[in-house]
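Keep in mind that the numbers below use all heavy atoms, side chains included, and drop hydrogens, waters and symmetry copies.
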Amino acid sequence: MKASTAAAKLDVYLPATPEEFQQRAITRDELTELQRTPPQWLVDLRRDGPHPRSVIAGRLRISISGLARGGITDPLTTAEIDALQADPPSWLVREREIAAEVRREERRQESREADRRAAAAAAAAAEKPKS
């Protein structure tokens, strides 16, 4: 697989990886080994960053779109993410509220769907002839 795909699967920012990682294809076995026993550069990169947008969004508990709306387009280090969490700007507070509302709506829809499936199963069971 391409180095960019491997970096995405490892949740790391590709330009921050070592040059030898960036310049070659990574086999599935190599990826599995990197996940199982990460080398020091990978441990350091995951701990300190810079981090890709997906990791930043997850740590800030907002969407990637929310990052863009907040003007965050570049990778951030762990220290920069921690600083945003310690003193959240108004855009981050707003995006967290939006993300929380989206999660509530998703749970409500999942619950409604589970209720619908249970009602359908009960109706199907009631229609079966008894032998």
Side-chain angles (χ1 to χ4, degrees):
M1 72 186 72
K2 292 180 182 179
S4 59
T5 303
K9 291 181 180 283
L10 293 169
D11 280 335
V12 295
Y13 181 59
L14 180 62
T17 61
E19 192 68 30
E20 62 270 8
F21 179 86
Q22 296 178 38
Q23 298 302 320
R24 64 183 186 84
I26 309 296
T27 66
R28 290 190 183 279
D29 290 338
E30 289 172 319
L31 179 65
T32 302
E33 187 60 27
L34 286 169
Q35 291 169 327
R36 190 172 344 141
T37 56
Q40 191 60 45
W41 67 263
L42 183 54
V43 171
D44 294 343
L45 194 55
R46 285 177 169 168
R47 182 187 60 231
D48 301 327
H51 301 288
R53 289 179 303 180
S54 61
V55 172
I56 298 168
R59 289 188 180 186
L60 293 176
R61 298 184 322 273
I62 63 173
S63 68
I64 293 174
S65 299
L67 282 178
R69 286 189 295 270
I72 304 295
T73 56
D74 295 330
L76 299 178
T77 64
T78 299
E80 292 168 324
I81 295 168
D82 291 345
L84 283 172
Q85 289 176 328
D87 187 20
S90 60
W91 68 264
L92 180 54
V93 172
R94 187 174 52 256
E95 289 300 330
R96 283 181 173 167
E97 290 168 355
I98 291 168
E101 181 60 34
V102 167
R103 286 189 297 272
R104 278 192 296 276
E105 179 64 19
E106 287 172 349
R107 283 192 305 272
R108 188 180 68 75
Q109 288 183 359
E110 287 171 4
S111 176
R112 179 186 292 165
E113 182 62 21
D115 291 346
R116 187 197 63 76
R117 283 193 307 270
E127 291 178 6
K128 278 190 175 181
K130 302 202 185 211
S131 12

> Is it true that a side-chain atom of Ser111 and a backbone atom of Arg107 form a donor plus acceptor pair closer than 3.5 Å?
Replying inline: no
> Quick one: do Ile98 and Leu60 end up in the same hydrophobic cluster if we chain Ile, Leu, Val, Met, Phe, Trp and Tyr together by side-chain heavy atoms under 4.5 Å apart?
Replying inline: no
> Which heavy-atom pair separates Arg24 from Glu20 by the least distance, and what is that distance?
Replying inline: CG-O, 3.3 Å
> Among His51, Arg46, Arg47, which residue meets the side chain to side chain contact (heavy atoms under 4.5 Å, CB included) test with Thr78?
Replying inline: His51
> When clusters are formed from ILVMFWY side-chain contacts under 4.5 Å, directly or step by step, what else is grouped with Ile26?
Replying inline: Met1, Leu10, Val12, Leu14, Phe21, Leu31, Leu34, Trp41, Leu42, Leu45
>> Using a 3.5 Å distance criterion without hydrogens, assess whether the side chain of Arg61 forms a donor-acceptor pair with backbone atoms of Arg96.
In response: no
> With sequence neighbours excluded, what pairs up with Tyr13 under the ring-ring contact (aromatic ring centres under 6.0 Å, His included) test?
Replying inline: none
> If you round to the nearest 0.5 Å, how far is CZ of Arg69 from OG of Ser63?
Replying inline: 5.0 Å
>> I need the Ile62 CD1 to Glu97 CD distance, nearest 0.5 Å.
In response: 12.0 Å
>> Salt bridge or not between Arg112 and Glu105? Use side-chain N to carboxylate O under 4.0 Å.
In response: no
Pairs of donor and acceptor atoms involving the side chains of residues 79-87, under 3.5 Å and at least two apart or interchain, shall be tabulated with distances.
{"residue": "Glu80", "atom": "OE1", "partner": "Thr77", "partner atom": "N", "Å": "2.7"}
{"residue": "Glu80", "atom": "OE1", "partner": "Thr77", "partner atom": "OG1", "Å": "3.3"}
{"residue": "Gln85", "atom": "NE2", "partner": "Arg59", "partner atom": "O", "Å": "2.5"}

> Looking at side-chain heavy atoms only, is the closest gap between Leu67 and Thr73 below 4.5 Å?
Replying inline: no
>> So that I can tick it off, tell me whether Glu113 and Arg117 are bridged by a salt bridge, with the cut-off set at under 4.0 angstrom between side-chain N and carboxylate O.
In response: yes
> Is the count of non-hydrogen atoms from other residues, nucleotides or ligands lying under 6.0 Å from Arg28 atom CZ greater than 12?
Replying inline: no
> Can you find a pair of side-chain heavy atoms, one from Val43 and one from Gln40, that are under 4.5 Å apart?
Replying inline: yes
> Do Glu127 side-chain atoms and Ala124 backbone N/O form a donor-acceptor pair below 3.5 Å?
Replying inline: no
>> So does Thr17 get a backbone contact from the side chain of Gln22, meaning a donor-acceptor N/O pair under 3.5 Å?
In response: yes
